[in-house]
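Just so it is clear: chains get the letters A, B, ... in the order the sequence lines come, proteins before strands, and each one is counted from 1. As a basis for the values below, the full set of heavy atoms in this structure was taken, side chains included, without hydrogen atoms, waters or symmetry mates.
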Amino acid sequence: MNSPSKSAKGKGKTMSQDYDDLRPIITYRHILSQNLGVRDPLRVIALCDSDAFYAACERVRLALDPTVPIVVQQWESLIAVSYPARKYGISRMDKIKDAKKKCPNLVAVHVATYKEGEKEPGYWDNVDTRTHKVSLDLYRRESSKIINVFKQTLPNGEIEKASIDEAFIDLTRPVREKLLERYPHLATVPEDAPDGADSPLPPPPLINWDQLGVLIPLTPQDEVSAQDELSNVESGYSTTWHDVALSIGAELMAQVREEVSKQLGYTTSAGIARNKFLAKLCASYKKPNSQVIDRQSILRNDAIPYYLRPMPFQKIRFLGGKLGDALAKEYDVLIVGDLLTISLDEMQHKFGENALWVYELLRGIDRNEVKEKSTLFKSMLASKNLPKPITDPADGQHWIRVLAAELALRLKDAREEVPTLWPKTIVLHARKGYETSRSKQAAFPFTKNVTVDVIALAGNKLWKELMKDVTSINITSVQLAFTGIEAAETGQQMIHGFFKTRDAQHPPLKRPRSNSDDPLDKGVESETPNPPERQELSLTSFVCERCHSRIALGDVRAEWNEEQRASALAMLRQEHEDFHFAQDLAGASHPIKPRSSKPVSTRSREPEPKGITKFFSKK
DNA sequence: AAATACACA
DNA sequence: GGTGTGTATTT
């Protein structure tokens with residue numbers, strides 16, 4: 001092979017073997033293989049994040065000029081500071097007062113809040129943490145808009161939303177397409193290739209990086225020469241095909257970011273490298289203390305050692321927490337370079353499971369894939385910290401209702417995109433003072449109209465459970481969450497799941513026999529104990545307009561008053577509507593997924609009050 | 001089912 | 001540094 005690896009490796013003299021995979025030999029087989037995944041030597045990953053995202057969202061919402069200094073405040077503190085505002089020395093640590101002192105013409109926007117009595121979040125005067133609840137909805141919406149632009153611009157790129165303002169993009173496929181388009185001779189193995197498809201590729205072309213972004217320097221010399229716009233060729237560096245791939249990736253990212261800017265008005269920064277970890281790391285190249293934003297950085301493999309070695313490892317994702325602390329303490333060091341002398345054996349001894357992963361990370365290796373997480377959320381949380389702890393249980397109910405209202409709205413919105421979204425469980429967390437928070441959870445029914453009442457009812461029940469063995473109520477934080485959110489599968493399978501959950505905790509739905517065309521519902525029927533008296537029919541049953549059958553409450557409690565019966569009936573009506581909804585879905589679509597192989601669970605549940613009555617259970 | 005850890009604006 | 005979210009792992 002005529003690879004110039006010697007000169008490149010020479011630069012890392014001390015520990016060259018630590019970075020021995022920076023210039024792998026790339027063959028025709030590599031180029032032509034489609035599914036090499038994380039071992040693809042031409043892998044190109046980008047991390048794109050929005051600059052001062054919350055501040056940018058408010059700036060766009062208010063149609064302000066990008067140069068205005070703007071901050072987003074939450075009560076008296078700041079949660080986002082635009083880059084123009086940072087020029088005044090404002091940081092997120094500042095209180096709003098100090099920020100305004102530093103910049104008198106600062107635009108300060110308080111984050112939207114739910115206010116008691118108001119159905120939707122808004123931007124009110126005189127927000128007060130005692131009466132209002134923060135809403136981050138705008139940012140979630142804008143975030144998903146950005147993701148959509150990514151998808152639309154890069155139909156072949158794999159996209160993983162990493163946080164509200166960040167996404168990883170696997171550019172390997174779109175890059176390969178462009179590469180073959182531009183260098184068609186790579187697509188066919190030459191007749192005279194010594195090892196056929198396993199022969200190395202011919203030498204790559206030189207790259208003009210001018211418009212593609214900031215190149216992370218290869219060496220200290222490179223760092224100064226870069227400022228003079230000297231070409232890399234002169235410093236004895238030789239381009240690799242992976243560099244070419246990176247440069248095409250940079251081209252694509254520049255396009256994507258331009259689209260985001262044009263369509264939505266957000267500036268973004270990006271990092272482009274051979275894996276997720278490095279992409280993320282280099283996205284913030286020189287960002288912390290400078291105002292340089294709206295740009296992308298490119299980390300060539302050969303630049304990895306020089307870039308990584310002086311890096312404080314606790315800044316690396318996943319090493320910011322306890323693990324990073326432990327490493328720092330154990331070896332009394334701070335930067336990546338210091339840890340390179342630790343052998344894998346030794347690390348495994350001290351850190352077990354995590355060792356290999358960390359060992360590789362320090363050497364610029366990261367085998368994690370970019371996995372499309374379908375923007376669909378797995379959980380949805382609404383939470384409220386209470387500066388003045390609550391002591392009255394009624395206040396608990398109040399906040400739960402507020403949180404429930406938010407969840408109801410958010411779920412409704414989410415269902416506009418994916419109508420079958422179904423939170424399987426509901427969880428209530430509560431924290432007392434400085435104690436760690438305690439939680440209770442319960443299954444959440446499949447319901448088409450998830451109303452505030454249904455959520456609040458469930459939340460209140462959990463609240464009671466949580467408070468029952470508590471002597472003094474002084475709650476400082478309340479969190480209500482949906483977890484296990486999934487798109488219910490349509491088709492027979494859904495009907496199946498629908499009934500299964502019913503069976504577990506609801507009385508069976510009453511259906512007329514004439515409608516009983518579904519083999520799944522055998523045995524579901526004919527257990528209405530004693531039909532109510534004629535004159536009471538309207539209080540305990542109703543006739544469905546769709547199937548014209550009379551649906552009755554199964555077990556009417558004598559102690560229920562009229563109001564309770566009405567509620568129970570309303571819920572039964574909803575359940576029945578849900579049944580039709582589920583049936584419509586099943587009928588309207590072809591089964592997409594194969595039947596799950598999960599066995600139908602046969603557990604039985606006894607102590608719970610059944611069905612609707614559980615919502616009325618006292619204590 | 002409940003608690004803990006980590007990340008990020 | 002505090003509040004509000006989210007995910008994944010451990011107990």
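Comparing atom distances between the A:Gln74 side chain and each of C:dG1, C:dG6, C:dG4 picks out C:dG4 as nearest. Residue A:Leu136 places its side chain closer to C:dT5 than to any other of B:dC8, C:dT3, C:dT5. For A:Phe53, taking side-chain heavy atoms from C-beta onward, the closest of the listed nucleotides B:dA9, C:dG2, C:dT5 is B:dA9. Residue A:Arg410 places its side chain closer to C:dG6 than to any other of C:dG4, C:dG6, B:dA9. For A:Ile79, whose side chain is taken as the heavy atoms from C-beta onward, the closest listed nucleotide among C:dT5, C:dA8, C:dG2 is C:dG2. When the nucleotides C:dT5, C:dG1, C:dT7 are ranked by their closest atom to the side chain of A:Lys378, C:dT7 comes out on top.
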Could you check A:Tyr359 against A:Gln348 for side chain to side chain contact (heavy atoms under 4.5 Å, CB included), going step by step and ending with a plain yes or no? CA-CA 9 Å; A:Tyr359 182 88; A:Gln348 269 168 336; over 6 Å; no

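Between A:Asp325 atom CG and B:dA7 atom P the separation is 10 Å, expressed in whole Å. For the pair A:Asp128 CG and C:dT3 P, the computed distance is 14 Å after rounding to whole Å. Whole-Å rounding puts the A:Lys161 NZ to B:dC8 P distance at 15 Å. Between A:Asp98 atom CG and C:dG1 atom C1' there is a gap of 13 Å when expressed in whole angstrom units. Atom CG of A:Asp49 is separated from atom C1' of B:dC8 by 11 Å (rounded to the nearest Å). In this structure, A:Arg130 atom CZ and C:dT3 atom P are separated by 15 Å, rounded to whole Å. As a whole-Å value, the separation of A:Gln479 CD from C:dT5 P is 9 Å. What separates CD of A:Glu435 from P of B:dA2 is a distance of 17 Å, to the nearest Å.
Judged by the 6.0 Å distance and 45° axis criteria, A:Arg61 is positioned over the aromatic ring of A:Tyr123. A:Phe168 carries A:Lys276 over the face of its six-membered ring, with the cationic atom under 6.0 Å from the centre and within 45° of the normal. Cation-pi contact between A:Lys424 and A:Trp422: present, with separation from the ring centre below 6.0 Å and deviation from the ring axis of at most 45°.
Put simply, A:Asn385 has no side-chain N or O that comes within less than 4.0 Å of OP1 or OP2 on C:dG2. An OP1 or OP2 oxygen of B:dC8 is reached within less than 4.0 angstrom by a side-chain nitrogen or oxygen of A:Lys280. Between A:Lys133 and C:dT5, a side-chain N or O to OP1/OP2 separation shorter than 4.0 Å is present. For the pair A:Arg140 and C:dT5, the criterion of a side-chain N or O lying under 4.0 Å from OP1 or OP2 is met. Distances shown here put a side-chain N or O of A:Gln441 below 4.0 Å from the OP1 or OP2 atom of B:dA1.
Between the side chain of A:Trp463 and the main chain of A:Gln397, no donor-acceptor pair closer than 3.5 Å is present. Remark: side-chain polar atoms of A:Asp94 are paired, donor with acceptor, to backbone N or O of A:Ser91 under 3.5 angstrom. For A:Glu166 (side chain) and A:Asp49 (main-chain N/O), no donor-acceptor pair under 3.5 Å exists by modelled atom type. Checking side-chain atoms of A:Gln73 against main-chain N and O of A:Val109 turns up no donor-acceptor pair under 3.5 Å.
Among the protein residues, A:Ala382 comes within range of the sugar-phosphate backbone only, with heavy atoms under 4.0 Å from sugar or phosphate atoms but none that close to a base. At the heavy-atom level, A:Gln73 lies nowhere under 4.0 Å from the strands shown.
By the 30° and 60° cut-offs, the orientation of the rings of A:His110 relative to A:Trp75 is tilted. In this structure, A:Tyr54 and A:Tyr139 have parallel ring planes: the angle between them is below the 30° cut-off, well short of the 60° mark.
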Under-3.5 Å N/O pairs linking protein and nucleotides 3-6 of chain B:
from: B:dA3; atom 1: OP1; to: A:Arg438; atom 2: NH1; distance (Å): 3.0
from: B:dA3; atom 1: OP2; to: A:Ser439; atom 2: N; distance (Å): 2.6
from: B:dA3; atom 1: OP2; to: A:Ser439; atom 2: OG; distance (Å): 3.4
from: B:dT4; atom 1: OP2; to: A:Thr436; atom 2: OG1; distance (Å): 3.3
from: B:dA5; atom 1: OP1; to: A:Lys322; atom 2: NZ; distance (Å): 3.0
from: B:dC6; atom 1: OP1; to: A:Lys322; atom 2: N; distance (Å): 3.2

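Heavy-atom minimum distance, A:Arg309 versus A:Ile335: O-CD1, 3.5 Å.
Taken together, the paired segments of DNA chain C that extend over three or more consecutive Watson-Crick or G-U pairs, each closer than 3.5 Å at both contacts, are B:1-9 with C:3-11.
For the pair A:Ser379 and A:Ser383, both in contact range of DNA chain C, the more 5′-proximal nearest nucleotide belongs to A:Ser383.
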